[in-house]
Amino acid sequence: MEKKAAEQKIQELSEKLHYYNYKYYQESVSEISDYEFDMMLKELIELEEKFPDLKTSDSPSQRVGGDITKNFETVEHKIPMLSLGNTYSKEELDDFDGRVKRGLGEESYEYFCELKFDGVAISLHYENGKLIRGVTRGDGSKGDDITNNAKTIRTIPLKVRGEQFPEYFEARGEVFLPREAFNEINREREENGEALLANPRNAASGTLKMQDSGVVAKRKLDCFLYSYAGEDLPIDSHEEGIKQLEKFGFNVSQTYKKCKNINEVFNFINEWEEKRHSLPVDTDGIVIKVNSLGQQEQLGFTAKSPRWAIAYKYKAESSTTILKEITYQVGRTGAVTPVANLEPVSLAGTTVKRASLHNANEIARLDLRVGDTVHVEKGGEIIPKITGVDLTKRDLGSNEVEYIQECPECGTELVRAEGEAVHYCPNKKGCPPQIKGSIEHYIQRKAADIDSMGERTIHLLYEKGLVKNVADLYDLKYEDVFELEGFKDLSTQNLLKGIEESKQIPFENILFGLGIRFVGKTVAEKLGAHFKNIDNLAKASFDELIEVPEIGERIAQSVVEYFHDEDNIKLIERLKSAGLQFEIQETVIEQKGNVLENKSLVVSGVFEHYGRDEIKEVIKQYGGKVVSAISGKVDILVAGENMGPAKLQKAEKLGVKIIDEVEFRSLIKEN
Ligand code: IVH
C-alpha cells in the first residue's frame, strides 16, 4: 500500500476504533462484533508496523500496550495533588460546615458530594485534546509518569470527544481494579500456585507501576474521574467541571449529588452507607466539596488539604473479642494459612468466629497471643480481619505464638522460600488436602471437565483409599463407586461415564489439569501449541522453554522440575495408557480449491445442502475466510433461507456481493 493511502486508512480505522471503544465502554453498546473490532485493530497495528512514522501517540493501538518502561520518570505536578482531611462522625462534619459558613461570611453555598473511591489517584494531562501524559499522585508535588500504562485503560479517552477544548487541562481521578476483576486475578493466581494479592487497591497500584504495559492491558483496570483542572477554564463550579468531563467522554461515576445544605449531605451519606457495596469498586466514604470555584478560592488551603473539601469515612464495623486458638489450614498448593479462632461475636449482622491471619508475618506484626482481647473489623471485604490487640487486657503470663514447623495434615516439615511470606508443605504427593486438591483441580471444567464428580466424592474416594492421584480415577470399577455412601446405580454409571468422556478432552486442558505450578490455562495452551505433545514438552530444556513467547524463567523452571520427577512421569504414562489425549489435535483443512482465496465471507440463514458449520468448513476448503458480521471488508454474503432483513439491507448498502446457495454451489463447482 502507498504511504498516502495508508495514512488515510490509519486515520479512518483510528476514528472508528475510538468511536466503538467509547460506545462499548461508556455506553455499553456494541455496534460491531468483538471479532470485527479485533480485526480492525489488527489491521491498524499492521499498517503502523509497516509505516512506523504514521503511528500517533493517541492511536487506539496503544490500548493493547507492549511498550516497556524500565524507569518511570518523575514529573512535577503543575497543580499539587493534595489529600483530604478525614472525619468519622456527623459532629465533625457539622464543625466543617460551620468553618465553611464562617469562611464565606454568611454567603450562601452548595455542596457537591461524591463517593470516595478506594484506588490510586492519577492525573491525566491533555494537550490539544490528546492525552499526553498520565502521572501518579506520588508525594502530591511530584509523581511517576505512567503514560503507557494509563493508555491501556479502555475508559480513558486518548482523544477527547467534541471540537471545543482548552489547549491544556488535567483530568484527575482514581484508577481502580473492579472487585470482579480482582477476584478473577486471585482465582487464577491461586490456581497457578502464586501468592494472592491483598486487596483491589494494592492490586491497582501495583499494576499501574508495572513495567510491561502489555500485562497492564490484560488487567482490566478502570478509572473514575472527579476533577477537571487547569488555568482559566471556562467553568464556575465543580459541577460544571464534572459535566464537562462527561461531555469529553470521561468515565464519571453517576453517584454524585449536589446538596443545598449539610442536612442533604447527611441524607446522601445515609443513602450510600449500604448501597455503596453494590458498586464495582470499593469505597470507604464520601467526599464533600464546596461547589462554587470562587468560594473554593475564598476558602483556600491549609498546608496539606483544601478547606473547601473533606472526606467523611464510613466506620468499618468493629468489635472486640477473645482469640481462643490459632489453627492452620493447608490448601491445594500446600500453602499454609493461619486462622484465628475467636469467641463468637456479632459484627455487621453476622456472627464472626474466625478470621484469616494470612501468614506468620501478620501474626508477628500484630504481636498476637492466644487469650488476647483483639479488635476485629469487617470492612468492604467479606472475611473479617484482626486489626489490633487490646494490650491493657493481656494476660502477663501469655507467650508469643510459635508458628508451626510441621504440616498439621501430614507432619512434613514446612518450608518457606526466600523472600516469601507463606509457609508451604512440600509433601505434594502425600499430604491429604494437597492430594484431594490436585484431583479437584484436575476435574474442573477448564481441565478434564468431569462434572459428574464433586468435592464430596473425591473425599469419599480418597478416604476409602481408592484414589490417591488422578490416574487412579481411570482404574475405578463399578463396584468401587457403587459401594460409596450415597451412590446408586444411576449415579455410579454417571460418574464412570464422566470419567470415560474425559479421555476425549484436548491435550491443553489435560496439561492444565496436571497442576504444574505456575502453569495456568493460558500458559498450558501456549505450551501445548508450541510443543505439540507431552513428550516434546517433557524433553524441553530450560532454555528451550524460555524461547516460547510469554514463558518466563519461573514457569520454565517449574516445568523442568515437574518432568524431572519420576512419579510425575509414571503418572503421565498411566494416563496415556488409560487413553487420555497428550497430543494437540490440529484440524487440518483439506484444500479442495482456491476460488475463494483472499475473500471474506459471511453466511447467514439456513441451507438445503449444508449445516451451519458445514458450509463454513466448505468455504475454508476453498481458501475463503469466514467472518461473523457484515462490514465494508466483506466480499460475499451467502444468503440462506430466512435470513434477517437487517443483515441483507446492510450488505446491500455496503455493496457486498450477495449470492444464494445455488450460486454458491456453482461458484465452487459442487453440484
Ligand atoms: S478530591 C484536593 N474526590 O482521596 C482534593 N478525591 O485524600 C482532591 N479520592 O488522593 C481529591 N475519591 O485519591 C477526591 N471523589 C473523590 C475521591 C477522591 C477518592 C481519593 C484521592 C485523593 C484522596 C484524598
Side-chain angles (χ1 to χ4, degrees), residues 77-88 92-93 96 100 111-124 134-144 146 150 153 156 169-179 199-205 207-209 221-230 233 235 237-239 241-243 245-246 250-259 265 268-269 271-272 275-276 279-293 295-314 379-380:
H77 295 298
K78 286 190 184 168
I79 313 160
M81 289 184 81
L82 299 173
S83 61
L84 293 168
N86 288 327
T87 56
Y88 293 88
E92 283 176 307
L93 204 49
F96 164 78
V100 168
Y111 287 119
F112 199 85
C113 292
E114 290 159 7
L115 284 161
K116 189 165 190 297
F117 309 107
D118 202 7
V120 214
I122 191 177
S123 186
L124 303 166
V135 189
T136 61
R137 173 163 180 264
D139 63 4
S141 60
K142 45 191 184 326
D144 289 330
I146 43 94
I153 301 176
I156 293 182
F169 72 86
E170 295 184 20
R172 293 179 168 185
E174 203 81 354
V175 170
F176 61 91
L177 193 62
R179 216 173 297 118
N199 56 48
R201 200 174 76 91
N202 287 3
S205 112
T207 305
L208 217 45
K209 292 282 198 59
L221 287 174
D222 204 345
C223 181
F224 279 146
L225 283 304
Y226 47 67
S227 166
Y228 178 46
L233 298 179
I235 50 164
S237 66
H238 180 71
E239 181 185 26
I242 291 294
K243 295 270 152 76
L245 287 176
E246 285 172 356
F250 287 95
N251 193 20
V252 174
S253 168
Q254 295 301 306
T255 47
Y256 57 74
K257 190 175 182 215
K258 191 162 73 176
C259 295
V265 173
F268 184 80
I269 289 174
E271 180 188 339
W272 282 100
K275 223 162 75 179
R276 68 199 172 101
L279 295 172
V281 47
D282 286 343
T283 53
D284 57 356
I286 300 290
V287 181
I288 301 122
K289 305 173 180 175
V290 169
N291 193 25
S292 149
L293 298 187
Q295 292 180 334
Q296 287 188 2
E297 207 172 315
Q298 218 173 315
L299 290 161
F301 299 86
T302 69
K304 280 190 307 199
S305 49
R307 287 203 184 89
W308 46 263
I310 200 158
Y312 172 87
K313 296 264 207 133
Y314 287 114

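First listed ligand is number 1; within each ligand, the first listed atom is number 1.
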Quick one: does any side-chain atom of [X] pair with a main-chain N or O of [Y] as donor and acceptor, under 3.5 Å?
{"X": "T136", "Y": "D144", "result": "yes"}
{"X": "R307", "Y": "F301", "result": "yes"}
{"X": "N86", "Y": "K313", "result": "no"}
{"X": "R137", "Y": "M81", "result": "yes"}
{"X": "N202", "Y": "S205", "result": "no"}

Exercise. Just wondering, are more than 12 heavy atoms of other shown residues or ligands nearer than 6.0 Å to NZ in K304?
Worked result: no
Exercise. Crowded around E297 CD? As in, over 12 foreign heavy atoms under 6.0 Å?
Worked result: no
Exercise. Hey, is R137 touching ligand 1 through its side chain, its backbone, both or neither, going by heavy atoms under 4.0 Å?
Worked result: side chain
For this session: Under 4.0 Å, heavy atoms only, figure out whether ligand 1 is touched by the backbone of L115, its side chain, both or neither.
Result: backbone
Problem set entry | Closest protein heavy atom to atom 13 (O) of ligand 1, given as residue, atom name and distance to 0.1 Å |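 Among all protein heavy atoms, the one nearest atom 13 (O) of ligand 1 is E174 OE1, 2.6 Å.
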Exercise. How far is atom 7 (O) of ligand 1 from its nearest protein heavy atom, and which residue and atom is that?
Worked result: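 Scanning the protein heavy atoms, the shortest distance from atom 7 (O) of ligand 1 goes to L84 N, 3.0 Å.
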Exercise. Pick from I122, V135, V120: which one makes a side-chain contact (heavy atoms from CB on, under 4.5 Å) with I146?
Worked result: I122
Which ligand 1 atoms does [X] reach within 4.0 Å, using its non-hydrogen atoms?
{"X": "S83", "value": "7 (O), 24 (C)"}
{"X": "E114", "value": "3 (N), 15 (N), 16 (C)"}
{"X": "K116", "value": "4 (O), 12 (N), 19 (C)"}
{"X": "P306", "value": "2 (C)"}

For this session: Scan H77, E170, K78 and name whichever one has a side-chain hydrogen bond (donor to acceptor under 3.5 Å, both in side chains) with S123.
Result: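 Only match with S123 under side-chain hydrogen bond (donor to acceptor under 3.5 Å, both in side chains): E170.
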For [atom], state which one of [options] supplies the nearest heavy atom.
{"atom": "atom 8 (C) of ligand 1", "options": "V175, L82, I79", "result": "L82"}
{"atom": "atom 1 (S) of ligand 1", "options": "K304, Q296, K289", "result": "K289"}
{"atom": "atom 18 (C) of ligand 1", "options": "F176, F224, Y226", "result": "Y226"}

Exercise. Do any heavy atoms of R172 fall under 4.0 Å from ligand 1?
Worked result: no
Exercise. Can a non-hydrogen atom of A311 be found less than 4.0 Å from any atom of ligand 1?
Worked result: no
Problem set entry | CA sep, side-chain torsions, deciding dist, call: D282, N199, side-chain contact (heavy atoms from CB on, under 4.5 Å) | CA-CA 10 Å; D282 286 343; N199 56 48; 5.7 Å; no
Exercise. Mind checking whether F117 has an N or O less than 3.5 Å away from an N or O of ligand 1?
Worked result: yes
For this session: May I ask you to check if ligand 1 and V287 share an N or O to N or O distance below 3.5 Å?
Result: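 In fact, backbone or side chain, V287 has no N or O that close.
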